[in-house]
Amino acid sequence: MSNVNDVRKKVNQQMNGGLTVVLFGASGDLAKKKTFPALFRLFKNKLLPTSTVIIGYARSKLDHDGFVQRITENLSKEEDKKTVDDFVKICSYVSGQYDQDESFQHLQQVIGQSEDKRGMKQGQKNRIFYMALPPSVFLDVAKGCRRNVISPDDKSVNRVVIEKPFGKDLESCNELLSNLRVLFTENDTYRIDHYLGKEMVKNIIPYRFSNAFIHPLWNNIHIDSVQITLKEHFGTEGRGGYFDEFGIIRDVIQNHLLQTMSLVAMERPIGRGAEAIRDEKVKVLRCVKPIKIEDTLIGQYVANGDKPGYLDDDTVPKGSLCPTFAAMVLWIDNDRWDGVPFILKAGKALDKSKVEIRVQYKKVPGSLYGGVHRNETVMRIQPSEAIYTKFNNKSPGLTDHTMVTEMNLTYKDRFENLQIPDAYESLILDVMRSDHSNFVRDDELDAAWRIFTPVLHQLENEKIKPYPYKYGTRGPDKESEFVKKYGIEQLMTGYTWPKQDVEQQ
Ligand code: BG6
């Protein structure tokens, strides 16, 4: 079992104490909101190699102050000023084009000078190229790096980190994969799906396989359905242009929710190493049948009071049929899951923000307690990580009634001084310590697109209209009817969760 000191040691060993991180897209939103804050926290917790330099790279012309403002804007106001200043000292900015060798040659010079100044020796000139970029420039940047910015010594590593979307369908994904493959090997490529860095998602494997009482129940004999839901209470305001090209299915279902599902459904891996885990994820994904249109419900939000509808955004094309909500039912064709619907649901501009996995068990057999509610286990990914199982219990006192109650592990109540790293923090750490377990392998992507491509094409070719739903509601009215078809039982009647922030389907 490793503690933080072991992790520090491992990172430093792997990188021989030297690293340059080049953050492409440094002036963009992702870098500002996620990547720089994550790098800051790693710095603060002394989890970066001893001699680390971070170079932001983007097309925008930014002076030093402008750059510093961007990288510190999203740090907590409570951060110690000295730590922030020290972090800023290891960061610098280079402005350049994404498709011109001269720009990359200049970058190479900057890195080289910094390595010389820091006295970096063989094996310390490690480089991580982090692409917080739109996919249209992935390839140019990867080529620019390969041709001009690769570490000069073969004892040092060159790793590339890529953010989704990895293509728009099976064909475009495979094209992207094969173009990138000639530039960086699979081993040097880290494809981020940041859901794999979330604490509760990382807990799925231990929860399932380290508990003797869970594993035997985890199959179609005992489980009736699995729902994985991602709700957001805000719309696409300000991101409409990007979003319209992808839609909710490509934005979060084909990746974040499917990745989560693969961990819920996979078989026991032969070990805890990255390839053992990814082998099992691919195997189960290959058993998932392509999604049928009749197993799909799509919606698009419309205005509600002062909240705008999706189409009211000026950056969204008039009359767009882009779904901002979808519920899709996936069927796994193997012994363990035959007949169990996996319902993946996601929506923008809904009534609340939460992400959870909801496993509903079968009814108890026979008539003894035939009328009681089913058991249900919820793994709440966010907000406020929790696992709780609803079970029936005799109501205390002079009664023989049963009531639904819960076995509850809410992290913030159970763990003192709870500190959960942000997903990006944990994933960047994994890149430095060469752990691919929480990154998406190329064959996983292929399997994932095979499941989604036919239905995505059908929705687009047949111009299927999404059902409207009002901003701030639970989604299209049709949703309850839709999930009922798959045997989902709402356990709300007669049941109240003791803490308001936790329950609610
Ligand atoms: C991103 C999507 O990948 O994930 C966004 O592009 C979505 O549309 C986000 O809001 C959700 O991530 P999180 O970590 O905020 O749940």
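Only heavy atoms go into these numbers, but all of them, side chains included; no hydrogens, no water, no symmetry mates. Counting starts at 1 for both ligands and their atoms, following the listed order. Positions are given from 1, in the same order as the sequence printed here.
- Thr324 and Tyr469 form a side-chain donor-acceptor contact under 3.5 Å, judged by distance and modelled atom types alone.
- Defined by atom type and a distance below 3.5 Å, a donor-acceptor pair is present between the side-chain atoms of Thr315 and Asp313.
- For the pair Arg146 and Phe184, the cation-pi criterion (under 6.0 Å, within 45° of the ring axis) is fulfilled.
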### Worked verdict on Leu107 versus Phe24 for side-chain contact (heavy atoms from CB on, under 4.5 Å)
CA-CA 11 Å; Leu107 175 63; Phe24 292 100; 3.9 Å; yes
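- Using cut-offs of 30° and 60° for the angle between ring planes, the Phe87 and Phe43 rings count as tilted.
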Could you tell me, for ligand 1, which of its N or O atoms are under 3.5 Å from any protein N or O, listing the pairs and their distances rounded to 0.1 Å?
from	atom 1	to	atom 2	distance (Å)
ligand 1	3 (O)	Lys164	NZ	2.9
ligand 1	3 (O)	His256	NE2	2.7
ligand 1	4 (O)	His256	NE2	3.3
ligand 1	6 (O)	Lys164	NZ	3.2
ligand 1	6 (O)	Arg239	NH2	3.0
ligand 1	6 (O)	Asp251	OD1	2.6
ligand 1	6 (O)	Asp251	OD2	3.4
ligand 1	8 (O)	Arg239	NH1	2.7
ligand 1	8 (O)	Asp251	OD2	2.5
ligand 1	8 (O)	Lys348	NZ	2.7
ligand 1	10 (O)	Glu232	OE1	3.3
ligand 1	10 (O)	Glu232	OE2	2.5
ligand 1	10 (O)	Lys348	NZ	3.2
ligand 1	12 (O)	His194	NE2	3.1
ligand 1	14 (O)	His194	NE2	2.8
ligand 1	14 (O)	Lys198	NZ	2.6
ligand 1	16 (O)	Tyr195	OH	2.4
ligand 1	16 (O)	Gln382	NE2	2.8

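- Between His194 and His256, the ring planes are perpendicular. Angles over 60° get that label, and only those under 30° would be called parallel.
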